[in-house]
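All remarks here apply to the structure that follows.
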Amino acid sequence: MNRKQTIKDPQNGNKAEAFEAADDIPANPSRGRTIGDVIAARYGRRAALKGILGTSAATALFGVSALTAPRQGNAASPAAQSRYAFDELEWGNDETHHVAPGYDADVLLRWGDPILAGAPEFDVMNQTAEAQLQQFGYNNDYVGFVPLNADGTRGLLCVNHEYTNEEVMFPGLGRQDKAEFAGMTRELVEVEMAAHGGSVVEITRGADGKWSVVRDGAMNRRISPLNTAMAIDGPAAGHPRMQTSADPSGREVIGTLNNCAGGMTPWGTWLMAEENFHGYFWTDRLDTEGEPDLSGQPDAARMERYGVPGMWYAWGKYHDRFNTDKEPNEVNRFGWVVEVDPMDPLSKPVKHTALGRFAHEGAETTLSRDGRLVVYMGDDARFEYVYKYVSGGMVSEDRAANARLLSEGTLYVARFEADGTHRWLPLVHGQGPLTAENGFASQADVLIDARLAADALGATPMDRPEDASPRGDGTAFVMLTNNSKRKAGQTDAANPRPASDFGHIIEIREDGGDHAAASGRWSILVKCGDPEIAEVGAEWNPETSEHGWFGSPDNSAMDAAGRLWVATDQGSRWDKTGKSDGLYGVETDGSLRGHSKLFFRCPVGAELCGPCFTPDGETLFLAVQHPGTDGTKDLTGFGRASTFEDPATRWPDFDPQMPPRPSVVVVTKQGGGKIAV
């Protein structure tokens with residue numbers, strides 16, 4: 001089945017499901033030595049996947065409790081008390097959200113809420129791009145927080161808006177990719193464009209402990225691919241492959257899109273990660289099966305490696321810059337990490353080419369032992385790679401000097417060895433195979449084609465690397481969501497996982513506790529899925545309850561106490577667990593290593609994103625994305641694809657005149673206090 005046939009498969013209920021399925025067809029042709037191969041080599045296929053590990057392997061993965069505790073339990077023993085002090089939420093899947101007892105989870109911001117002074121009220125039946133550019137955007141993903149006062153009761157939320165679901169966004173339209181975008185007009189396309197990008201919103205906490213939006217906040221801002229000018233810097237800035245008819249300098253681009261996870265820098269700027277940019281590009285050249293015809297394109301091999309043009313949206317029908325026939329270089333100007341100064345609404349965002357071009361999921365920052373900036377990043381596609389960037393200079397109190405740290409440094413890609421060690425391979429022109437003879441004429445080529453450079457270096461293909469959360473002790477945790485397309489040699493009768501429908505989490509420990517180290521050791525923290533089903537091959541701490549295990553780890557966060565929180569994104573496959581997506585506290589150390597507890601769960605069809613804590617630990621922001629869309633055909637009592645007129649839920653308004661609305665939720669403890677303490 002080709003990509004177009006996959007997209008049109010009637011089993012797909014909406015655009016997101018269709019293109020998730022299409023991306024199951026990997027763009028990485030090498031796929032030589034996947035992380036599954038390495039895990040199998042290190043622990044043994046049968047032992048690792050069925051859970052029959054030897055003593056040394058079991059204790060290395062899960063601590064001594066793996067040898068002595070019962071397989072399942074409802075609570076940790078008194079001698080091994082969880083660091084997450086809350087009563088666990090029960091798993092389930094219904095039309096609303098739920099939080100652990102003793103906490104409030106209030107809706108703070110919804111798609112369409114006015115956030116600029118003078119912005120019109122949301123009118124879902126009469127949407128315009130002009131109005132949307134003044135209102136909170138669609139499908140909120142990453143959330144960052146910048147305090148504006150000493151006690152942290154005022155601050156700025158920095159929120160990514162990843163993509164749009166037109167079938168539940170516009171009245172009377174229905175799913176458009178399946179209908180060849182027959183109902184899309186320039187006006188609707190520009191509403192979609194205006195709903196992408198990001199929002200900066202001032203918020204304040206009242207005496208009652210509740211947060212609210214400061215609608216006329218002086219720093220409130222919308223960023224979009226429709227009209228926000230951005231600078232391009234770093235080694236690829238000005239390169240001929242970055243030049244277009246609208247920008248012959250190759251140093252300025254309009255907008256950012258498909259902004260998934262992200263990060264905040266130590267100096268208070270916001271990093272927006274551009275993920276599936278390939279889906280926004282169009283071509284009029286189709287073959288007999290309706291697939292993009294790349295014959296005659298000088299960059300055909302490079303485009304194919306990145307899945308360009310994806311044709312997920314009709315933007316290229318109305319805006320030539322998204323049509324690869326007319327502006328072939330525009331696609332090279334997306335797939336980067338964008339830095340925004342939320343404190344200055346007039347500042348120009350910057351796309352940092354030094355951090356490489358790929359489907360960025362996250363850009364989480366930390367410091368090396370000598371004070372350099374380190375950024376961990378995943379390339380969110382099957383058989384892609386884990387990267388990190390290390391700045392040349394050190395972080396200081398000088399914000400102007402810090403501005404160069406994301407422009408001058410070294411990008412690395414990870415290779416995971418079977419003996420439990422890993423190496424960071426530098427993507428530097430002239431080193432190893434990264435030479436003109438192999439298609440890399442300059443450092444700009446290395447970074448524009450970071451995937452191809454990582455292929456050449458022999459990096460380890462991973463199972464959809466998503467977020468990566470570093471801890472101050474030189475440890476980082478990498479979320480690997482799933483990979484249903486691992487090669488046949490990785491399956492056998494004892495292991496029916498075609499790779500993994502459920503994903504796993506890898507722990508990286510850098511040598512010397514230094515995040516800038518060129519090597520270190522890795523281990524598996526958990527292998528996700530139901531531990532009661534032997535064929536799944538899940539591995540959790542035995543104290544994990546039936547509510548605590550999960551599938552498809554995606555976004556993650558570290559709180560001030562160094563505890564790991566994991567948000568899930570099962571997409572349309574939540575029927576494999578029966579659970580909605582949610583937020584879990586996952587133990588990383590001691591005898592409870594690999595123990596997980598459910599804290600929050602989403603309404604049906606939604607994905608949980610952006611866990612973000614305020615510095616005092618008393619507030620947790622969560623982004624609930626695309627409610628009522630994914631997998632609704634499997635919801636008992638509903639059993640069909642959602643539409644604007646007939647959604648599986650009308651969360652959060654539950655107004656019969658309003659469709660489901662992606663929203664940011666704010667969680668606080670009843671009576672006050674720190675979260676899970």
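For this chain, numbers begin at 1 and follow the sequence in order.
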Euclidean distance, [Y] [atom2] relative to [X] [atom1], rounded to 0.5 Å:
X      : Y      : atom1 : atom2 : result
Ser556 : Ile505 : OG    : CD1   : 7.5 Å
Asn555 : Ser469 : CG    : OG    : 8.5 Å
Asn438 : Asp455 : CG    : CG    : 12.0 Å
Lys388 : Thr366 : NZ    : OG1   : 10.0 Å
Asp449 : Asp299 : CG    : CG    : 7.5 Å

Using a strict cut-off of less than 4.0 Å between a Lys/Arg side-chain nitrogen and an Asp/Glu carboxylate oxygen, indicate whether [X] and [Y] qualify as a salt bridge.
X      : Y      : result
Asp370 : Arg372 : yes
Arg423 : Asp511 : no
Arg573 : Asp501 : yes
Arg321 : Glu330 : yes
Arg357 : Glu274 : no
Glu384 : Arg305 : yes
Asp559 : Arg563 : yes
Arg521 : Glu507 : no
Asp247 : Arg333 : yes
Arg251 : Asp233 : no

### Task
Answer yes or no: is there a donor N or O on one side and an acceptor on the other, between the side chain of Asn541 and the main chain of Arg593, under 3.5 Å?
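It does hold such a pair.
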### Query
Does a donor on one side chain sit under 3.5 Å from an acceptor on the other, for Asp463 and Asn483?
yes
### Query
Judged by modelled atom types alone, do His422 and Glu510 share a side-chain donor-acceptor pair under 3.5 Å?
yes
Determine whether the aromatic ring centres of [X] and [Y] lie less than 6.0 Å apart.
X      : Y      : result
Tyr387 : Phe358 : yes
Trp424 : Tyr389 : no
Phe550 : Tyr584 : yes
Trp312 : Phe281 : no

### Passing candidate, side chain to side chain donor-acceptor pair (under 3.5 Å) with Thr481, options Glu466, Arg464, Arg382, Glu361
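Of the listed residues Glu466, Arg464, Arg382, Glu361, the side chain to side chain donor-acceptor pair (under 3.5 Å) partner of Thr481 is Glu466.
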### Summary
Closest heavy-atom pair, Thr365 versus Leu373, reported as atoms and distance to 0.1 Å, is CB-CD1, 3.9 Å
## Note on the structure
Those residues at least two apart in sequence (or on a different chain) that pass side chain to side chain contact (heavy atoms under 4.5 Å, CB included) with Arg369 are Asp514
